[in-house]
Amino acid sequence: MNHTKGGLVIFTANSHPSSRELGKRIAERLGVELGKVQVYQEANRETRVQIQESVRGKDVFVIQTVAKDVNTTIMEMLIMVYACRTSCARSITGVLPYFPYSKQCKMRKRGSIVSKLIASMMCKAGLTHLITMDLHQKEIQGFFNIPVDNLRASPFLLQYIQEEIPDYRNAVIVAKSPASAKRAQSFAERLRLGIAVIHGEAQDAESDQVDGRHSPPTVKTTGAIHPSMDIPLLIPKEKPPITVVGDVGGRIAIIVDDIIDDVDSFVAAAETLKERGAYKIFVMATHGILSSEAPRFIEESAIDEVVVTNTIPHELQKLQCPKIKTVDISMILSEAIRRIHNGESMSYLFRNIGMDD
């Protein structure tokens with residue numbers, strides 16, 4: 001990789017060891033040293049940032065990984081960006097491999113679109129460009145009024161499948177729900193493999209509704225029109241019993257998704273695939289949040305291996321569960337930084353990526 005021209009400063013916005021490690025890997029690939037900055041929490045939990053070198057007229061890149069305390073992570077990022085802005089940096093690019101609050105990108109009843117709020121705060125603080133990876137919904141890019149480069153981790157995960165799963169030709173790519181079918185289709189087409197989709201939910205035969213103990217009985221909709229209005233009422237949804245569309249018998253099942261956090265759905269999917277005859281089960285995801293008791297549930301489940309990237313620190317989870325493996329994506333982040341700093345085209349990083357990927 002070619003080294004960059006002068007005027008480049010790279011900061012890591014928190015003191016988490018994994019964030020520093022990712023920042024060091026990126027800096028080494030670019031042939032520069034990490035910028036000198038001090039980020040710490042005061043006694044009252046206020047975040048303080050002290051930049052210890054000049055950034056006037058320079059291109060600043062702030063690398064921030066989302067540790068366990070998400071809100072502190074966001075404040076560290078905002079304060080550091082604002083500090084660079086008030087120090088007259090020429091440009092300030094945020095490098096957030098995982099964009100926090102990305103799951104809250106749609107209106108839910110009386111809730112709010114928190115992703116839009118975070119995007120507005122970052123732009124207001126002084127961010128001029130954002131590099132992220134595998135946004136939960138691509139539409140989040142529209143929440144920003146600055147350029148956003150949404151990189152893909154799929155090339156690294158595909159490479160892992162080809163190199164680390166010897167008999168991957170006997171595999172089938174699985175979507176654990178119809179919502180993730182597009183991602184599974186993308187993987188399957190690139191690997192020339194088949195696809196399977198899990199639909200429905202497990203039915204509990206011992207439930208109160210089945211044996212008559214449920215009281216009062218459930219009320220079924222008898223008509224489609226409200227008695228006092230002419231507004232049609234939607235028929236309530238009812239998921240069918242869980243089914244697997246596609247043949248997984250005697251095959252390796254590779255479940256793909258963008259985020260793995262609450263692993264209940266992945267564990268349930270693995271059990272279903274085992275019942276259908278899959279002899280080995282892998283889970284591939286970009287962002288391994290793996291919060292709460294996720295490592296223990298994975299260790300006790302039918303899942304053979306969980307493969308995630310280092311967009312989020314998960315060293316502690318790996319100690320708790322040897323099934324968790326990590327793929328390094330610092331190469332594509334460093335190349336994106338180099339191209340932005342040198343004013344080169346970013347299209348090379350998005351080659352062979354279609355509108356649906």
Notebook entry, point to check: Between the side chains of Y40 and E46, is a donor N or O closer than 3.5 angstrom to an acceptor N or O?
Noted result: no
Next item on the list: Look up atom CD1 in I165 and atom CG in N170, then write down how far apart they are to the nearest 0.5 Å.
Entry: 11.5 Å
Notebook entry, point to check: Looking at R339 and S345, what are the two nearest heavy atoms and their distance?
Noted result: NH1-O, 2.8 Å
Item checked: Connected via hydrophobic side-chain network under 4.5 Å: V327 and I332 -> yes
Next item on the list: Would you check if there is a donor-acceptor pair between the side chains of S347 and R351 at a distance under 3.5 Å?
Entry: no
Next item on the list: Identify the two heavy atoms, one from G250 and one from Y279, that lie closest to each other, and give their separation to 0.1 Å.
Entry: O-CE2, 3.4 Å
Next item on the list: Show your reasoning for whether side-chain contact (heavy atoms from CB on, under 4.5 Å) applies to F61 and L8.
Entry: CA-CA 8 Å; F61 292 83; L8 169 67; 3.1 Å; yes
Notebook entry, point to check: Thinking salt bridges, do R338 and E335 make one under a 4.0 Å N-O criterion?
Noted result: yes
Checklist line | Within-4.5 Å side-chain heavy-atom neighbours: T72 and Q41 | finding: yes
Check: R192 side chain to E189 main-chain N or O, any donor-acceptor pair under 3.5 Å?
Finding: yes
Next item on the list: For D304 and I281, indicate whether the former's side chain and the latter's backbone hold a donor-acceptor pair under 3.5 Å.
Entry: yes
Check: When rounded to the nearest 0.5 angstrom, what distance separates CD1 in I74 from CD1 in I79?
Finding: 12.0 Å
Notebook entry, point to check: Does the side chain of I329 come within less than 4.5 Å of L151's, by heavy atoms?
Noted result: no
Check: Does a donor on one side chain sit under 3.5 Å from an acceptor on the other, for R56 and S87?
Finding: no
Check: Is the shortest heavy-atom distance from the side chain of T286 to the side chain of I259 under 4.5 Å?
Finding: no
Check: Between the side chain of H314 and the main-chain N/O of I312, is any donor-acceptor distance below 3.5 Å?
Finding: yes
Notebook entry, point to check: Under the 3.5 angstrom rule, does the side chain of N150 hit a backbone N or O of D134 as a donor-acceptor pair?
Noted result: yes
Checklist line | Closest non-hydrogen atom pair between E299 and C321, with its separation | finding: OE1-SG, 3.3 Å
Notebook entry, point to check: Should we count NZ of K24 as having more than 12 external heavy atoms under 6.0 Å?
Noted result: no
Check: Which atom names give the shortest non-hydrogen contact between H129 and I146, and what distance separates them?
Finding: N-CD1, 3.8 Å
Next item on the list: Dump the intermediate steps for side chain to side chain donor-acceptor pair (under 3.5 Å) on S91 and D59, then the final yes or no.
Entry: CA-CA 5 Å; S91 67; D59 293 331; 2.7 Å; yes
Notebook entry, point to check: Closest approach of S301 and I298, non-hydrogen atoms and distance?
Noted result: OG-O, 2.8 Å
Next item on the list: With sequence neighbours excluded, tell me which residues meet salt bridge (charged side-chain N to carboxylate O under 4.0 Å, His left out) with E271.
Entry: none
Next item on the list: Would you list the pairs meeting salt bridge (charged side-chain N to carboxylate O under 4.0 Å, His left out) in which at least one residue belongs to residues 157-180, sequence neighbours left out?
Entry: K176-D257
Check: Are side-chain heavy atoms of I340 and D149 found at a separation under 4.5 Å?
Finding: yes
Checklist line | Spatial distance of atom CD (Q137) from atom OG (S102) [nearest 0.5 Å] | finding: 9.0 Å
Check: Does the side chain of T243 pick up a donor-acceptor pair with the side chain of H199 at under 3.5 Å?
Finding: no
Notebook entry, point to check: What distance separates L290 CG from K318 NZ, expressed to the nearest 0.5 Å?
Noted result: 11.0 Å
Item checked: Verdict with supporting geometry, V197 and S180, side-chain contact (heavy atoms from CB on, under 4.5 Å) -> CA-CA 9 Å; V197 180; S180 56; over 6 Å; no
Note to self: On the six-membered ring of F187, is R183 placed so that its NZ or CZ lies under 6.0 angstrom from the centre and within 45° of the ring axis?
What the structure shows: no
Notebook entry, point to check: Is the shortest distance from a Lys or Arg side-chain nitrogen in K103 or D258 to a carboxylate oxygen in the other one below 4.0 Å?
Noted result: no
Item checked: Under 3.5 Å donor-acceptor, R85 side chain and K124 backbone -> yes
Check: How many angstroms lie between atom CG of L135 and atom CZ of R152, to the nearest 0.5 angstrom?
Finding: 8.0 Å
Notebook entry, point to check: Does the pair R296 and E293 meet the rule for a salt bridge (Lys or Arg N to Asp or Glu O under 4.0 Å), with working shown?
Noted result: CA-CA 6 Å; R296 181 174 63 85; E293 295 293 315; 2.9 Å; yes
Note to self: Taking A294's backbone N and O only, do any of them form a donor-acceptor pair with S292's side chain (distance below 3.5 Å, no angle check)?
What the structure shows: no
Notebook entry, point to check: Going through the distances and angles, do Q64 and M77 end up as a side-chain contact (heavy atoms from CB on, under 4.5 Å)?
Noted result: CA-CA 7 Å; Q64 178 67 308; M77 179 77 176; 3.7 Å; yes
Margin query: Suppose we call two aromatic rings close when their centres sit under 6.0 Å apart. Are F144 and F99 close by that rule?
Written below: yes
Item checked: ILVMFWY network linking L130 to Y82, side-chain heavy atoms under 4.5 angstrom -> no
Note to self: Tell me whether M284 shares a hydrophobic cluster with L158, the cluster being built from Ile, Leu, Val, Met, Phe, Trp, Tyr side chains joined at under 4.5 Å.
What the structure shows: yes
Checklist line | Expected output: side-chain T132 to main-chain L96 donor-acceptor under 3.5 Å | finding: yes
Notebook entry, point to check: Atom CG of D262 and atom OG of S291: how far apart are they, to the nearest 0.5 Å?
Noted result: 7.0 Å
Check: Hey, are the side chains of I63 and I26 touching, using non-hydrogen atoms and a 4.5 Å cut-off?
Finding: yes
Next item on the list: Show the numbers, then the answer: is there a side-chain contact (heavy atoms from CB on, under 4.5 Å) between T93 and L127?
Entry: CA-CA 6 Å; T93 302; L127 211 62; 6.0 Å; no
Notebook entry, point to check: Are I324 and F297 in one and the same hydrophobic cluster, where Ile, Leu, Val, Met, Phe, Trp and Tyr link if side-chain heavy atoms are under 4.5 Å apart?
Noted result: yes
Notebook entry, point to check: Should I289 and L316 be regarded as members of a common hydrophobic cluster, given that ILVMFWY residues are connected when their side-chain heavy atoms come within less than 4.5 Å of each other, either directly or indirectly?
Noted result: no
Check: Is any side-chain heavy atom of F11 less than 4.5 Å from a side-chain heavy atom of K36?
Finding: no
Margin query: Around atom NZ of K274, are there more than 12 heavy atoms from other residues, nucleotides or ligands closer than 6.0 Å?
Written below: yes
Check: Heavy atoms, side chains only, cut-off 4.5 Å: are L30 and H341 in contact?
Finding: no
Next item on the list: Measure the shortest side-chain to side-chain distance between V256 and V174 over non-hydrogen atoms and say whether it is less than 4.5 angstrom.
Entry: no
Item checked: Test item: E305 side-chain N/O and F282 main-chain N/O as donor-acceptor pair under 3.5 Å -> no
Notebook entry, point to check: What are the two closest non-hydrogen atoms of I92 and A89, and how far apart are they?
Noted result: CG1-CB, 4.0 Å
Margin query: Check whether D261 reaches the backbone of G288 with its side chain - one donor and one acceptor, N or O, closer than 3.5 Å.
Written below: no
Margin query: Test your reading of the model: is there a side-chain donor-acceptor pair from Q104 to the backbone of S115, 3.5 Å cut-off?
Written below: no
Note to self: Take a 6.0 Å sphere around CZ of R48 and say whether it holds more than 12 heavy atoms from other residues, nucleotides or ligands.
What the structure shows: no
Next item on the list: Count the heavy atoms of every other residue, nucleotide or ligand shown that sit under 6.0 Å from CZ of F156, and state whether that count exceeds 12.
Entry: yes
